[in-house]
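Written below as structure tokens is the structure these notes are about.
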Amino acid sequence: MATQEQIEALKIDENVFELTEDTELEYLVHFAAPFTGADKCVVPKGTTFAPHSPMRGDALYMHFVDGDKDSLFERMEAQVKVNYENLFTRLQGFSFFITEDQLKTLPLKFRNGSAERLMEIICQLRSPVYPIFP
């Protein structure tokens, strides 16, 4: 399995991009329970993300760089309250991610790096040198 040093050497977080249109994104919902859910929300144009670590074989976790995340999180929490009513009091947070397919189709403008570089990183993480995923 790849070490944290190997993952850091890939400099995943140097690939910063922003959404050029309001875009519906899926995200994970984490609870203080043996359960993780998922949902979708419209993320406003101009919101900026940086991928930071491997999620699965075709995706990377990403975090906000800038944008109005507070109002977005309020909307996401409201959705969780409706969609996961029984677990709402155990809400721990959210995780956004980007997949290979989304790199090809989402309306993105890169500030640093490129979609091609992120695709290369995903492929490297699947390679025998970084055997994170089968």
Side-chain angles (χ1 to χ4, degrees):
M1 177 161 312
T3 66
Q4 187 62 33
E5 289 174 345
Q6 289 172 314
I7 292 170
E8 287 173 7
L10 294 172
K11 301 182 188 272
I12 299 168
D13 61 348
E14 291 183 1
N15 295 277
V16 178
F17 57 85
E18 71 179 68
L19 297 172
T20 59
E21 300 173 13
D22 291 353
T23 306
E24 185 176 68
L25 294 179
E26 186 175 12
Y27 57 91
L28 299 177
V29 182
H30 304 285
F31 299 96
F35 179 75
T36 299
D39 215 330
K40 295 179 183 180
C41 68
V42 175
V43 179
K45 170 184 177 177
T47 302
T48 305
F49 290 97
H52 60 84
S53 60
M55 177 192 169
R56 60 182 195 219
D58 70 334
L60 299 169
Y61 284 112
M62 60 185 184
H63 62 270
F64 286 105
V65 173
D66 51 325
D68 185 9
K69 66 181 178 187
D70 291 336
S71 67
L72 180 60
F73 282 157
E74 287 172 10
R75 287 190 293 126
M76 292 163 64
E77 285 180 357
Q79 280 182 229
V80 170
K81 196 169 193 172
V82 171
N83 295 341
Y84 298 96
E85 183 179 352
N86 295 336
L87 289 171
F88 180 72
T89 60
R90 302 185 83 181
L91 178 64
Q92 294 293 299
F94 307 101
S95 294
F96 281 95
F97 57 91
I98 189 163
T99 67
E100 284 181 90
D101 288 342
Q102 288 172 319
L103 281 169
K104 297 173 190 171
T105 60
L106 288 179
L108 307 176
K109 177 175 82 176
F110 278 78
R111 292 185 182 177
N112 298 321
S114 66
E116 293 78 15
R117 175 63 184 138
L118 285 177
M119 293 292 283
E120 180 181 300
I121 288 169
I122 290 171
C123 289
Q124 285 179 336
L125 290 168
R126 280 196 306 244
S127 78
V129 177
Y130 301 95
I132 295 176
F133 307 105

Subject >> Donor-acceptor contact below 3.5 Å, side chain Arg117 vs main chain Asn112 >> reply: no
**OP:** Check whether any side-chain heavy atom of Leu25 sits under 4.5 Å from a side-chain heavy atom of Gln102, and report yes or no.
**Re:** yes
Original post:
Do the side chain of Gln79 and the main chain of Lys40 share a donor and acceptor less than 3.5 angstrom apart?
Top reply: yes
Original post:
With no hydrogens and no angle check, is any side-chain donor or acceptor of Asn15 less than 3.5 Å from a backbone partner on Ser114?
Top reply: yes
**OP:** Answer whether the closest heavy-atom distance between the side chains of Ile98 and Met55 falls below 4.5 Å.
**Re:** no
Original post:
Does Phe49 have its ring centroid less than 6.0 Å away from the ring centroid of Phe64?
Top reply: yes
Original post:
Can you tell me if His52 uses its side chain to pair, donor with acceptor, with the backbone of Ile12 under 3.5 Å?
Top reply: no
**OP:** Output yes when a side-chain donor or acceptor of Arg126 lies under 3.5 Å from a complementary backbone atom of Gly57, and no otherwise.
**Re:** yes
Original post:
With side chains defined as the heavy atoms from C-beta onward, is the minimum distance between Val29 and Asn83 less than 4.5 Å?
Top reply: no
**OP:** For side-chain contact (heavy atoms from CB on, under 4.5 Å), just list the numbers for Phe17 and Met62, CA-CA rounded to whole Å, side-chain angles, deciding distance to a tenth of an Å, and then say yes or no.
**Re:** CA-CA 10 Å; Phe17 57 85; Met62 60 185 184; 3.6 Å; yes
Subject >> Donor-acceptor contact below 3.5 Å, side chain Thr20 vs main chain Pro107 >> reply: yes
Subject >> Glu85 atom CD: more than 12 heavy-atom contacts under 6.0 Å >> reply: no
